[in-house]
*Asks:* 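I have a structure I would like to understand better, so I am pasting it below and will then ask my questions one at a time.
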There are 2 protein chains.
Amino acid sequence: MNGLPNLTETIQAIGDPTRLELLTVMIDNRYYTVTELSKRTHVSLSTTSYHLKKLSNMEWIDTYRQGKNVYYGLINNYIADIIELLMTISAPKKVNSYNQKIEYLEIKRARTCYSHLAGELGVGLLDYMIENRYLERKNHDVSVTENGKFFFRGIGIENAELLNSKLCMDWSERRFHLAGELGLKICAAFLRQGWIVNSTKNRSVILSMVSPEWLKALYKS
Amino acid sequence: MNGLPNLTETIQAIGDPTRLELLTVMIDNRYYTVTELSKRTHVSLSTTSYHLKKLSNMEWIDTYRQGKNVYYGLINNYIADIIELLMTISAPKKVNSYNQKIEYLEIKRARTCYSHLAGELGVGLLDYMIENRYLERKNHDVSVTENGKFFFRGIGIENAELLNSKLCMDWSERRFHLAGELGLKICAAFLRQGWIVNSTKNRSVILSMVSPEWLKALYKS
DNA sequence: TCTATACTTTGAGCGTCATCAAAGTATTTC
DNA sequence: GAAATACTTTGATGACGCTCAAAGTATAGA
């Protein structure tokens, strides 16, 4: 093959459902044991080990033994970027069961995406903050306004204007939500204050009763 | 991962060498006949036709008949973007992931682990020291930099570069914190200066008001 | 209508690869 | 030192999908 040497190898390495699942689990940059990963992917321990070795050979993941446990974690952040990009270009799967549809709706409504808020809540929040002039947007850059400083301090984020912030394409909404350091801090602040709670089932988040009215309004709509 | 865009299908659609070749031929946005494409890919006419149908089903390529000939061409130019992106990752450059800034959502207490700092504060501290080039990391070994000598002297640790230091997997964070003699001395130094205080209830530690700003920042975030 | 050309579909062959159970290795605990 | 735990490697199995030849379909031209 001409100018594209191991491209196929690369693609096929991501192109297996189990391996993709492994990568998306590890996308939070934490380390996981093989047993944990095996449970998440619903394949046997040996199969999990087999896939982890493949990913290791690609030099995408790092491994570390501590006692009886072997921990695996992502080496490079670009894996996350790739998956996110691929999500934006791949058409949503047809949902064929009620439960699947419910789950899809949950995830579509609000979820975390590499530790920032995504889904309807995520894009709604960005809109809200721009409408209220907490943020100012120029093309793909976002900056905190004078107004915004007070707003962010109010929700527990100091010196928001110093944090970098960028936009991230939301695969379900096909619109932008806030990413970068600021997006991350916001998500963390919401969690810390108990306004949102991570779902145990999937990457969706649930708005709690103690969240402020303006946030509830975004969730309802 | 039900209800989510099915990446696997997307990825596997690009992940075949022949299809990738087809896509890269068509990347100039021109239309080609099946015979032409068959010659370019060096597979039989029937195989070419088979792949073109697959790409059609993905709605990536367009087809129209003109007399005896059938012409195929790209619909979307994002295919070019994808291929380009994938090429950048197929030759992976080794990146020291620990130089990359990583933030975490969970609010966990700082604690001691065999007399060195663990928990969010512990892993945050390690990240901080690597980011500021006080420490240098190679795989699972850590060494004190020239920069670091001054830093450690500043917080009351002489000849830090002579102390051995190793990484310890943090149970709550699933990332590394600093252990070994250096980790021990750091913890002792922090206690001596009153920056951290041991809880009387359990192994957790509390950051005091007299601790420096950079340390407080690690605790807050 | 007959023939040549262009392409598609079908069916068989074949290799690759994901998967699991079982055996093997490493490490801790008792 | 023995048993338990955590993981890896091996070997067998089976499925999926790429491939081609051959048969089928569509169109053009005589």
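Chain A is the first sequence line, chain B the second, and so forth, proteins listed ahead of strands; every chain is numbered from 1. No experiment lies behind these values; they were computed from the predicted model shown.
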*Asks:* Rounding to an integer number of Å, can you tell me how far A/N69 CG sits from D/dA4 P?
*Replies:*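 Whole-Å distance recorded here is 18 Å.
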*Asks:* Look at the rings of A/H116 and A/H177 and say which category their plane angle falls in: under 30° parallel, 30 to 60° tilted, over 60° perpendicular.
*Replies:*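 Ring orientation of A/H116 relative to A/H177: tilted.
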*Asks:* In chain order, what residues pass the salt bridge (charged side-chain N to carboxylate O under 4.0 Å, His left out) check against B/R153, with sequence neighbours excluded?
*Replies:*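 So B/R153 forms a salt bridge (charged side-chain N to carboxylate O under 4.0 Å, His left out) with B/E158.
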*Asks:* Please give, in whole Å, the distance from C/dT19 P to A/R19 CZ?
*Replies:*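 After rounding, the gap between these two atoms is 8 Å.
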*Asks:* Using only side-chain N and O atoms of B/K53, determine if any of them is under 4.0 Å from OP1 or OP2 of C/dT8.
*Replies:*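 The answer is no; no side-chain N or O of B/K53 sits under 4.0 Å from OP1 or OP2.
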*Asks:* Where the side chain of A/L45 is defined as all heavy atoms beyond and including C-beta, which of D/dT8, D/dC20, D/dT27 is the nearest nucleotide?
*Replies:*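 Among D/dT8, D/dC20, D/dT27, the one nearest the side chain of A/L45 is D/dT8.
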*Asks:* Quickly work out the A/Q12 CD to D/dC16 P distance and round it to whole Å.
*Replies:*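 Atom-to-atom, A/Q12 to D/dC16, this comes out as 17 Å.
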*Asks:* Checking only heavy atoms, does the side chain of A/S46 share a donor-acceptor pair with the base of C/dA21 at less than 3.5 Å?
*Replies:*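 Such a pair is found, so the answer is yes.
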*Asks:* Identify whether any heavy atom of A/T48 sits under 4.0 Å from a base atom; if not, whether one sits that close to sugar-phosphate; answer base, sugar-phosphate or nothing.
*Replies:*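 Nothing, no heavy atom under 4.0 Å.
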*Asks:* Quick check on D/dC20: is either OP1 or OP2 less than 4.0 Å from any side-chain nitrogen or oxygen of B/S44?
*Replies:*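 Checking D/dC20 against B/S44, a side-chain N or O does come within under 4.0 Å of OP1 or OP2.
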*Asks:* Contact class for A/Y72 (heavy atom, under 4.0 Å): base, sugar-phosphate, or nothing?
*Replies:*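 Sugar-phosphate: the residue A/Y72, judged by heavy atoms under 4.0 Å, touches backbone atoms but no base.
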*Asks:* Applying a 4.0 Å non-hydrogen cut-off, can you work out what B/T33 is touching in the nucleic acid: base, sugar-phosphate, or nothing?
*Replies:*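 If one applies the 4.0 Å heavy-atom cut-off, B/T33 turns out to touch the sugar-phosphate alone, with no base involved.
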*Asks:* With B/K53, which residues qualify under salt bridge (charged side-chain N to carboxylate O under 4.0 Å, His left out), at least two apart?
*Replies:*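 By the salt bridge (charged side-chain N to carboxylate O under 4.0 Å, His left out) rule, B/K53 matches no residue at all.
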*Asks:* Fit a plane to each ring of B/Y134 and B/F151, take the angle between them on a 0 to 90° scale, and name the class: parallel (under 30°), tilted (30 to 60°) or perpendicular (over 60°).
*Replies:*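 Answer is parallel, since the angle falls under 30°.
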*Asks:* Among C/dT9, C/dT19, C/dT27, which nucleotide sits nearest the side chain of A/K68?
*Replies:*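 Among C/dT9, C/dT19, C/dT27, the one nearest the side chain of A/K68 is C/dT27.
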*Asks:* Choose from C/dC17, D/dT19, C/dT19 the nucleotide whose nearest atom is closest to any side-chain atom of A/T18.
*Replies:*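 Between C/dC17, D/dT19, C/dT19, the one nearest the side chain of A/T18 would be C/dT19.
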*Asks:* Side chain of B/V43: nearest nucleotide among D/dT19, C/dT9, C/dT19?
*Replies:*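 So the nucleotide nearest the side chain must be D/dT19.
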*Asks:* Just to confirm, is there a sub-4.0 Å distance from OP1 or OP2 of C/dC17 to any side-chain nitrogen or oxygen of A/H51?
*Replies:*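 Result: no.
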*Asks:* What is the distance, to the nearest angstrom, from the CZ atom on A/R65 to the P atom on D/dT8?
*Replies:*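 From A/R65 CZ to D/dT8 P: 7 Å.
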*Asks:* B/K54 has an atom NZ; how far is it from atom P of D/dC16, in whole Å?
*Replies:*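 Rounding to the nearest Å, NZ of B/K54 and P of D/dC16 are 12 Å apart.
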*Asks:* Using every non-hydrogen atom in the two residues, find where B/M58 and B/T10 come nearest and quote the distance to one decimal.
*Replies:*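 Closest approach of B/M58 to B/T10: CE-CA, 3.9 Å.
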*Asks:* Could you tell me how far apart B/E21 (CD) and D/dT19 (P) are, to the nearest whole angstrom?
*Replies:*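 So the CD-P distance, B/E21 to D/dT19, works out to 12 Å.
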*Asks:* Please report the distance, rounded to the nearest Å, between OH in A/Y64 and C1' in D/dT8.
*Replies:*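 The distance from OH of A/Y64 to C1' of D/dT8 comes to 19 Å, rounded to the nearest Å.
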*Asks:* In whole angstrom, give the distance that lies between atom CG of B/N57 and atom C1' of D/dG17.
*Replies:*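 That distance rounds to 15 Å.
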*Asks:* Identify, between B/V70 and A/H42, the residue whose nearest nucleotide on DNA chain C lies closer to the 5' end.
*Replies:*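 Mapping each residue to its closest nucleotide by heavy atoms, the 5'-most match is B/V70.
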